[in-house]
Amino acid sequence: MILAVSGRTDSFVQFITVLIIFLFVLAVTYWVTKWTAGYQKSQTSNANMEIMETIRLSNNKYIQIIRIGRKYLAVAICKDTVTMLTEVPEQELVFSENNTSGTLGFKDILEKIQKKNFLEKEDGRDE
């Protein structure tokens, strides 16, 4: 009987140890990912160049509006080439008030999905 209790205790201690190690590795992974993202963001942030908007034409073909200095350019991006299409006058561009970078953050995307799901439930389309 004492041997059976000792075996259960050992198994429980092993389980707790593995759980603690798993949580530690998970926490370290989280902090390293956050640090790497911050580091990469600081490396790529530049006051003179910015991708304003991107539209996907096919799997590996895009058109982007980019800002270089004070000029806005439309460029075609393909698998192996980048081609300047035209310079776009700033007066012809429409800038979004909530997001001028052309990319949505995770929070923005999640809010869009939640809003869409909420509207579908109100309309009775959600089965």
Side-chain angles (χ1 to χ4, degrees):
M1 174 119 173
I2 294 177
L3 184 59
V5 172
S6 176
R8 287 184 192 167
T9 305
D10 287 344
S11 295
F12 182 72
V13 169
Q14 285 179 348
F15 172 72
I16 295 299
T17 304
V18 169
L19 185 63
I20 290 171
I21 291 171
F22 172 74
L23 292 175
F24 175 75
V25 169
L26 195 62
V28 168
T29 304
Y30 172 79
W31 290 112
V32 167
T33 303
K34 292 291 266 183
W35 176 80
T36 304
Y39 177 76
Q40 287 180 346
K41 187 175 183 179
S42 69
Q43 293 296 317
T44 59
S45 67
N46 194 339
N48 292 312
M49 293 194 306
E50 181 180 11
I51 296 174
M52 303 303 292
E53 190 171 340
T54 302
I55 186 167
R56 182 178 179 174
L57 300 176
S58 68
N59 262 356
N60 57 357
K61 295 180 182 172
Y62 301 89
I63 293 179
Q64 291 185 335
I65 297 176
I66 58 172
R67 180 184 57 80
I68 298 179
R70 293 183 180 161
K71 292 185 178 186
Y72 293 89
L73 306 171
V75 294
I77 312 240
C78 299
K79 182 178 180 185
D80 296 326
T81 62
V82 176
T83 307
M84 188 180 113
L85 300 174
T86 186
E87 185 174 335
V88 182
E90 185 175 356
Q91 300 82 6
E92 292 184 14
L93 296 174
V94 177
F95 297 102
S96 174
E97 294 174 12
N98 62 353
N99 190 12
T100 58
S101 69
T103 57
L104 294 174
F106 178 76
K107 183 178 178 183
D108 299 327
I109 294 170
L110 186 61
E111 286 174 356
K112 265 182 145 178
I113 292 170
Q114 288 176 338
K115 184 177 180 181
K116 180 181 173 191
N117 288 341
F118 178 75
L119 292 174
E120 286 178 354
K121 285 182 181 179
E122 280 186 345
D123 290 344
R125 287 184 278 179
D126 192 33
E127 302 294 317

Notebook entry, point to check: Parallel, tilted or perpendicular: which fits the ring planes of Trp35 and Tyr39, with parallel below 30° and perpendicular above 60°?
Noted result: parallel
Note to self: To the nearest 0.5 Å, what is the distance between OG1 on Thr36 and NZ on Lys34?
What the structure shows: 11.5 Å
Next item on the list: Identify whether Met49 and Met84 are in the same connected component of the hydrophobic contact network (ILVMFWY, side-chain heavy atoms under 4.5 Å).
Entry: yes
Check: What distance separates Glu87 CD from Glu90 CD, expressed to the nearest 0.5 Å?
Finding: 11.0 Å
Check: When you measure from the side chain of Arg67 to the backbone N and O of Gly69, does any donor-acceptor pair fall under 3.5 Å?
Finding: yes
Note to self: Is there a path of hydrophobic side-chain contacts, each under 4.5 Å between heavy atoms, that joins Ile68 and Leu85?
What the structure shows: no
Check: For Phe22, which of Val25, Leu26, Ile20 qualifies under side chain to side chain contact (heavy atoms under 4.5 Å, CB included)?
Finding: Leu26
Margin query: If hydrophobic clusters are built by linking Ile, Leu, Val, Met, Phe, Trp and Tyr wherever their side-chain heavy atoms come under 4.5 Å apart, do Tyr62 and Ile66 end up in the same one?
Written below: yes
Check: Just wondering, more than 12 heavy atoms not from Ile55 lying within 6.0 Å of its CD1?
Finding: no
Margin query: Rounded at 0.5 Å granularity, tell me how far SG in Cys78 sits from CG in Asn59.
Written below: 12.5 Å
Next item on the list: Consider only side-chain heavy atoms of I, L, V, M, F, W and Y, link residues closer than 4.5 Å, and tell whether Val75 and Ile51 are in one cluster.
Entry: yes
Check: Is Leu73 reachable from Ile77 through a run of hydrophobic residues whose side-chain heavy atoms are each under 4.5 Å from the next?
Finding: yes
